[in-house]
Amino acid sequence: MGTRTLHVTNTLTRQLEAVQTQEPDHLRFYSCGPTVYSYAHIGNFRTFLTADLVVRVAEAIGWKVSYVSNITDVGHLTQDDVADAGGEDKMEKALHSKEGEQFQNVWDLARHYANAFIDDWDRLRLKRPLVWPRATEHMREQIEAVEKLIESDHAYVTPTGVYFRLSSFPDHGKLSGNRDKEQLKVAVRDVVQDDNKEHPGDFALWKLDDKHLMQWYSPWGWGFPGWHIECSVMAMKYLGETLDLHAGGEDLVFPHHESEIAQSECLTGHEFCPYWIHTRFLQVNGEKMSKSKGNWYTVRDLVDGRGVDPVALRYALISVPYGKPNNFTDQTLKDAARNVERMREARSVAESASAAQVAGEDVVGGRLVELYDKALDAMCEDLNTAVALAQALEGAKLIRESLTDGGSADSAKASLLFLDQIDALLGIAPPVETAAEALAEAEPVVEGKPIAEWIALRTSAKASKDFATADQIRQTLDAAGIELRDTPDGVIWKRKTSM
RNA sequence: GGCGUCGUACCCAAGUGGUUAAGGGAAGGGUCUGCAAAACCCUCAUUCAGCGGUUCGAAUCCGCUCGACGCCUCCA
């Protein structure tokens, strides 16, 4: 410990760099969270998992981590700056959708999806941040920030709202490379129609709109904050004026993060954040997954709807390093499920060997320490999950090889330590209790009989050598999506995932 | 039009100047099992999209060609 450090590909420089924290061994880390107008999809979670891995690696190398991830619960316009503000916002749109009918109002809707989001977060075993600040709970801070920007001439008031004056911040474009202002003008000309703005690229800090479903009173009248200001304000409130590392999805590079930098640096007069990382999109069957296309999966679609092990889903989502697109397919999920199964197998073999208390040498510890070190090194090197997972699997294989037919208590102890460390680092080798709990939920009933009864019937059929009946029962359960496995410790059943 | 990423076996993917090109899945063979599953053993890229160049030496560096993709506009 102490000799390793975290390296990331910094979006600002496009270089692999060692993260130098302002305070030694203390990482101040902000990760952009979701807008809660619907259930978060697995692509959202790929990004949140990148942040999760940053936290895990930082902790593994002995850093203290101050981790903040926001929840955007204000509906922003679907088109950034429609002049008359008559365009529906995302929340409002969601409220008027079929699924939205169950909610009393937008506040109710936001609360519902925020709660669902946190449930999914926990199910995928993401570490919780220090705080989950919400935009609606930081309105005063946002208004104050806008006022400050106006005072310092970085923003101006118009009849439609308050806008950030891009020309007042020469560094605009340093993150995305969109430095050419004329180019920017061309690019946005088609969309932006507000003639009150000085430059088409100027973005909204406050939108005046007394018909908006969520509105607050400001010095400029009733309205709501611009999308970008919340992150600047909340990040600085909880982490200080300069962060160490800021993360988000690749689509946020421009305009969101670019705008965050502009606002924040104009507010404080110094650098907002020296290191930025962006997670590439998750694709589904080779196509971009997006809410507008409607081809997205939520965590609950897969876990509740198709019986996918949440840990397997987590594995699938982190199996490709964050800097490359990950093409999510049924095969990805199957591979992941298989690998998680092997981690669990190793855990259960080690638990049995540990319980048996056999004396003898530790024959695996040395190798497992090497493998863990390699995994941690890989994670420190720009979160190379592909290599880290390979080490995890190799370790699990070694454990199964060495302990399946019994092994010493010392070997078992070293194995369990390895699995715990790997789980702390990657979250893919859960303790047995978790698996047992997962299986303990509602025992399924097939053709009127609980599983246990079927198993008993089959066991007695086997005892009397009536293998035809035994196989018949296996098939019946198989058709109902239940798989039986004969083990030395008895018969166990598991739910097959439908993929 | 501007900014940027990528192309490694049937599939996912590591490797970014130098011993036999990680690992996983799938597939085939075997041990075990009443059967099955699991587990274990074995097999599975003389080759890294194509073409040129630099080099003693390249999948790795440079150039071009072809192909895929992302952002620039709500999006993780």
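Since the structure is predicted, the reported quantities are computational estimates derived from the model, not experimental observations. Chain letters run A, B, ... following the sequence lines, proteins first, then strands; residues in each count from 1. Note that these values count all heavy atoms, side chains included, but never hydrogens, waters or copies made by symmetry.
Applying the salt bridge (charged side-chain N to carboxylate O under 4.0 Å, His left out) rule to pairs touching residues 376-389 of chain A yields A:R4-A:D377, sequence neighbours excluded.
Residues satisfying the ring pair (Phe, Tyr, Trp, His ring centres under 6.0 Å) criterion with A:F418, sequence neighbours excluded, are absent altogether. Residues passing the ring pair (Phe, Tyr, Trp, His ring centres under 6.0 Å) test with A:Y297: none are found, sequence neighbours excluded. A:Y67 is linked by a ring pair (Phe, Tyr, Trp, His ring centres under 6.0 Å) to A:F29, counting only residues two or more places apart in sequence or in another chain. Looking at residues two or more places apart in sequence or on another chain, you find no salt bridge (charged side-chain N to carboxylate O under 4.0 Å, His left out) involving A:R46. A search for salt bridge (charged side-chain N to carboxylate O under 4.0 Å, His left out) contacts involving A:R342 returns nothing, not counting sequence neighbours. Partners of A:D120 under the side-chain hydrogen bond (donor to acceptor under 3.5 Å, both in side chains) rule, at least two apart in sequence or in another chain, are A:R300.
Note on A:L389: nothing from the nucleic acid sits closer than 4.0 angstrom, heavy atoms only. Here A:G43 lies in heavy-atom contact (under 4.0 Å) with a base. Within the nucleic acid shown, A:S176 comes within 4.0 Å of sugar-phosphate atoms alone, with no base atom in reach, counting heavy atoms only. At the heavy-atom level, A:Q391 lies nowhere under 4.0 Å from the strands shown.
With B:rC69, B:rG25, B:rG23 as the choices, the nucleotide that has an atom nearest any side-chain atom of A:Q331 turns out to be B:rG25. Here the nucleotide nearest the side chain of A:L393, chosen from B:rA36, B:rG24, B:rA76, is B:rG24. Checking B:rG34, B:rA76, B:rG23 against every side-chain atom of A:A390, the shortest atom distance belongs to B:rG23. The side chain of A:K462 lies closest to B:rG34 when the candidates are B:rG23, B:rU73, B:rG34.
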Quick tally for nucleotides 38-43 of chain B: nucleotides whose base has a protein heavy atom under 4.0 Å get B, sugar-phosphate-only ones S, the rest -, giving SSSS--

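The P atoms of B:rA49 and B:rA9 are separated by 8 Å, rounded to the nearest whole Å. Separating the C1' atom of B:rA27 from that of B:rC12 is a span of 15 Å, rounded to the nearest Å. When the P atom is compared between B:rG50 and B:rU55, the two are found 23 Å apart, to the nearest whole Å. B:rG70 and B:rU60 have their P atoms separated by 26 Å, given to the nearest Å. Rounded to whole Å, the separation between the C1' atoms of B:rA45 and B:rA14 comes to 14 Å. A gap of 16 Å separates the C1' atoms of B:rA36 and B:rU31, to the nearest Å. Between the C1' atoms of B:rG24 and B:rC44, the separation comes to 14 Å (whole Å). Rounded to whole Å, the separation between the C1' atoms of B:rA13 and B:rC71 comes to 25 Å.
Nucleotide B:rU60 has no partner under the Watson-Crick or G-U criteria, as no pair reaches both atom distances under 3.5 Å. In this structure, B:rC69 forms a base pair with B:rG4, meeting either the Watson-Crick or the G-U wobble geometry with both donor-acceptor distances under 3.5 Å. Base pairing annotation: B:rC35 forms no Watson-Crick or G-U wobble pair, as no partner gives both donor-acceptor distances under 3.5 Å. Nucleotide B:rU16 has no partner under the Watson-Crick or G-U criteria, as no pair reaches both atom distances under 3.5 Å. Searching all strands for a Watson-Crick or G-U wobble partner of B:rU43 with both distances below 3.5 Å returns B:rA27. A 3.5 Å limit on both hydrogen-bonding distances identifies no Watson-Crick or G-U partner for B:rC48. Across all strands shown, B:rU54 forms no Watson-Crick or G-U wobble pair with both distances under 3.5 Å.
At least one side-chain nitrogen or oxygen of A:W227 sits closer than 4.0 Å to the OP1 or OP2 atom of B:rC75.
In summary, the aromatic rings of A:F117 and A:F48 are positioned with their centroids under 6.0 Å apart. Taking the centre of each ring, A:F203 and A:Y163 stay at or above the 6.0 Å mark.
Checking A:T329 against A:P34, the closest nucleotide of RNA chain B that is more toward the 5' end is the one next to A:T329. Annotation: of the two residues near RNA chain B, A:T332 and A:L282, the 5′-most nearest-nucleotide partner is A:T332.
Atom CD1 in A:I455 sits roughly 14 Å away from atom C1' in B:rA37 (whole-Å rounding). Taking atom CD of residue A:Q283 and atom P of nucleotide B:rC75, one finds them 20 Å apart after rounding to whole Å. The CZ atom of A:F328 sits 18 Å away from the P atom of B:rG25 (whole-angstrom rounding). Rounded to whole Å, atom P of B:rC69 lies 12 Å from atom CZ of A:R280. Protein atom CD1 of A:I277 is 20 Å distant from nucleotide atom P of B:rG4, rounded to whole Å. Regarding A:R14, its CZ atom lies at a distance of 15 Å from the C1' atom of B:rC6, rounded to whole Å. In this structure, the CD1 atom of A:I428 is 12 Å from the C1' atom of B:rG24, given to the nearest Å. Here B:rA37 presents its P atom at 19 Å from CD1 of A:I473, a figure rounded to the nearest Å.
Heavy-atom neighbours of A:K374 NZ from other residues, nucleotides or ligands within 6.0 Å: at or below the threshold of 12.
Below 30°, between 30° and 60°, or above 60°: for A:H257 and A:H278 the angle between ring planes is between 30° and 60°, a tilted geometry.
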For nucleotides 13-16 of chain B, which of its nitrogen or oxygen atoms have a protein nitrogen or oxygen under 3.5 Å away, and what is each distance?
residue: B:rA14; atom: OP2; partner: A:K324; partner atom: NZ; Å: 2.6
residue: B:rA14; atom: O3'; partner: A:N384; partner atom: ND2; Å: 3.2
residue: B:rG15; atom: OP1; partner: A:N384; partner atom: ND2; Å: 2.9

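Remark: the A:N70 side chain and the A:T72 side chain contain an N/O donor-acceptor pair separated by less than 3.5 Å.
Checked for salt-bridge contact, A:D423 and A:R125 meet the test: a charged N lies under 4.0 Å from a carboxylate O.
Residue A:D471 places a side-chain atom within donor-acceptor reach of the base of B:rG34, judged by atom type and a 3.5 Å distance cut-off alone. Interface remark: the A:D335 side chain does form a donor-acceptor pair with the B:rG24 base, using a distance-only criterion of under 3.5 Å.
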